[in-house]
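Notes follow the structure.
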Number of protein chains: 2
Amino acid sequence: MSMTSSLPPLTNRQRLVAHARALFAERGFEGVSVDEIAAAAGLTKGAVYYQFKDKTDLFRAACEAVLADVRDRVETASMGHSAHHLDEIVIGGDRLYDAYDAPDARRLLLVDGLTVLGVDGWIALQEPVGVGLIAHALSHLADERLIEPDVVPALAHLLFGAFVQGALRIAASSDPQAAGVEVRRATRTLTQALLSGAGAPLKETQWLPLP
Amino acid sequence: MSMTSSLPPLTNRQRLVAHARALFAERGFEGVSVDEIAAAAGLTKGAVYYQFKDKTDLFRAACEAVLADVRDRVETASMGHSAHHLDEIVIGGDRLYDAYDAPDARRLLLVDGLTVLGVDGWIALQEPVGVGLIAHALSHLADERLIEPDVVPALAHLLFGAFVQGALRIAASSDPQAAGVEVRRATRTLTQALLSGAGAPLKETQWLPLP
DNA sequence: ATGAGGATCATACCATGAGTATGACGTCAA
DNA sequence: TTGACGTCATACTCATGGTATGATCCTCAT
């Protein structure tokens with residue numbers, strides 16, 4: 001069904017990334033050998049190590065390819081739907097779950113990415129897209145004084161973590177359909193709570209002193 | 001400082017787990033060889049593969065050892081502090097961050113665990129402790145009708161994901177001290193919003209139809 | 001044209017490490 | 001004593017990441 005538009009006919013580097021993406025999505029980073037990826041692209045290991053520094057570098061390139069698709073899906077889908085600023089955090093959230101429904105996004109970005117790229121690499125990868133989209137939505141809540149503006153970066157990161165676990169919970173469920181609505185409901189409970197402006201007062205040290 | 005109470009003098013299996021835990025915490029699952037772990041325990045590879053099925057099995061045992069300590073730290077610390085039921089979600093949250101401050105908890109449970117054990121294994125590992133504690137706290141909110149009872153399991157999982165990313169954000173920061181208070185503040189914004197009872201009304205499909 | 005030089009990739013090779021097979025050593029019961 | 005079993009060491013295989021080096025092709029100046 002996919003139009004397989006090969007204009008121009010794809011450079012070898014792109015073909016390596018494409019096959020790496022497919023194989024990594026199927027059997028994970030450790031489950032696929034470099035020779036196998038090269039063979040799938042009709043090449044050998046020499047081509048891989050000329051184009052990429054090491055196996056991790058190839059994995060990173062595959063991650064960025066997946067992430068580009070995720071960004072496209074989320075942005076185009078949320079385009080025109082946000083009647084009000086405040087809706088986009090719940091609408092965009094559903095689109096995020098849709099995007100993370102793809103096997104390659106799950107395996108590369110959510111499962112293997114953290115271990116392979118390390119904590120810093122993982123955060124650097126997710127910041128522009130996943131975290132960034134949430135931060136953008138939260139900034140509108142901060143404009144309306146529903147939350148404090150200076151908690152937006154960290155809060156976006158936390159919410160992104162919630163989305164990650166939500167996607168994994170759906171993936172691990174024996175009934176992904178039912179788990180999908182369950183997780184989306186729980187996510188709305190979370191975002192709805194933010195939208196109510198309950199985070200605004202925040203009398204410092206009302207609960208416990210911060211160390 | 002740790003009392004190193006060796007009574008009885010530790011079986012070889014326990015010593016393997018202990019050294020595996022330390023080495024995995026230092027250089028990760030892929031960064032440590034089985035021979036190295038065996039040598040650190042004064043043994044050889046044969047002992048490892050007699051006691052454990054494979055390297056992953058040893059890693060799982062190390063994870064459970066770390067997790068036992070996490071549970072102890074969180075439970076004993078939150079013991080007697082929760083004047084009201086509703087406090088424990090924010091108090092216990094701070095204790096969770098404290099527990100995930102340890103290098104072994106970070107590396108084994110938060111970074112390597114997901115990839116090594118797989119999604120199902122990882123969830124099965126975290127469910128009894130991390131997710132379970134949050135679910136317990138949330139159940140009290142459900143008793144007070146602050147949230148719907150049937151969203152508790154999924155919501156606990158989501159909040160646990162937020163804690164995971166919070167801990168990772170602290171770990172990756174160049175100033176963990178400052179990042180610690182930043183993340184804890186953001187976490188309280190989240191939990192405080194739940195405590196306000198904003199999740200209760202939840203008019204179905206007010207925003208979007210669930211698929 | 002032609003040869004120099006670089007870009008791109010294949011081939012051969014090495015080192016490491018997970019997993020297996022098998023044997024050695026002990027203990028204990030009969 | 002001996003035989004069975006639990007525990008571990010040793011020796012081996014095999015897959016794989018990475019490197020070194022050589023082959024091929026394209027480009028371009030002379």
Side-chain angles (χ1 to χ4, degrees), chain A residues 6 8-65 107-108 111-118 121-122, chain B residues 6 8-63 65 107-108 111-118 121:
Chain A
S6 47
L10 285 182
T11 166
N12 279 348
R13 190 177 217 271
Q14 297 172 306
R15 301 178 55 238
L16 284 173
V17 171
H19 286 95
R21 171 178 173 168
L23 289 172
F24 283 150
E26 205 175 318
R27 306 201 301 274
F29 181 79
E30 298 292 330
V32 181
S33 70
V34 175
D35 300 87
E36 196 174 356
I37 298 174
L43 301 172
T44 67
K45 197 160 46 176
V48 174
Y49 282 93
Y50 174 77
Q51 301 280 357
F52 303 94
K53 179 174 162 290
D54 51 15
K55 190 183 178 185
T56 298
D57 194 30
L58 172 57
F59 178 81
R60 186 190 338 268
C63 279
E64 287 165 357
R107 189 73 195 240
L108 297 199
V111 178
D112 288 350
L114 181 57
T115 303
V116 175
L117 303 178
W122 153 268
Chain B
S6 48
L10 286 181
T11 168
N12 278 349
R13 189 176 217 273
Q14 298 173 305
R15 303 179 53 237
L16 284 173
V17 171
H19 286 94
R21 170 177 175 169
L23 289 173
F24 283 150
E26 204 175 319
R27 304 200 304 273
F29 181 78
E30 298 293 330
V32 181
S33 71
V34 175
D35 299 86
E36 196 175 356
I37 297 174
L43 302 171
T44 67
K45 196 157 47 175
V48 174
Y49 283 93
Y50 174 77
Q51 301 280 356
F52 303 93
K53 178 174 163 289
D54 50 14
K55 191 183 178 186
T56 298
D57 193 30
L58 172 58
F59 178 82
R60 184 188 343 265
C63 279
R107 190 76 196 237
L108 297 198
V111 178
D112 288 350
L114 181 57
T115 303
V116 175
L117 303 178

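Quantities reported herein were computed from a predicted structural model and do not represent experimental measurements. Throughout, protein chains are lettered first and strands after them, A, B, ... in sequence-line order, and every chain is numbered starting at 1.
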Touch class at under 4.0 angstrom, heavy-atom based, for B:V32 against every strand present: sugar-phosphate
B:D35 CG to D:dA11 C1', straight-line distance once rounded to whole Å: 12 Å
B:E36 CD - C:dG17 C1' separation (whole Å): 11 Å
For atom CZ of A:F24 and atom P of D:dG17, their distance in whole Å: 9 Å
Spacing between B:D54 atom CG and C:dG17 atom P, to the nearest angstrom: 17 Å
N or O in side chain of B:Q51 less than 4.0 angstrom from D:dG6 OP1/OP2: no
Quiz item: B:K45 side-chain donor-acceptor pair to C:dG19 base, under 3.5 Å: yes
Whole-Å gap separating C1' (D:dA9) and CG (B:L16): 14 Å
Any B:Y50 side-chain N or O less than 4.0 Å from OP1/OP2 of D:dC8: no
Spatial distance of atom CG (A:L16) from atom OG1 (A:T11) [nearest 0.5 Å]: 8.5 Å
Nearest-0.5 Å distance that lies between atom CZ in A:F52 and atom CG in A:D57: 6.5 Å
Charged N-O contact under 4.0 Å between B:E36 and B:R27: yes
CG on A:L117 to CG on A:D112, rounded to 0.5 Å: 9.5 Å
Heavy-atom donor-acceptor pair, B:K55 side chain to B:E30 backbone, under 3.5 Å: no
Value in whole Å for how far the P atom of C:dT22 lies from OH of B:Y49: 18 Å
Touch class at under 4.0 angstrom, heavy-atom based, for B:S33 against every strand present: sugar-phosphate
Euclidean distance, atom CD of residue B:E30 to atom C1' of D:dT16 [Å, nearest integer]: 12 Å
d(CZ, A:R27; C1', D:dT16) in whole Å: 14 Å
B:N12 side chain, from C-beta outward: closest of D:dC8, C:dC9, D:dG18: D:dC8
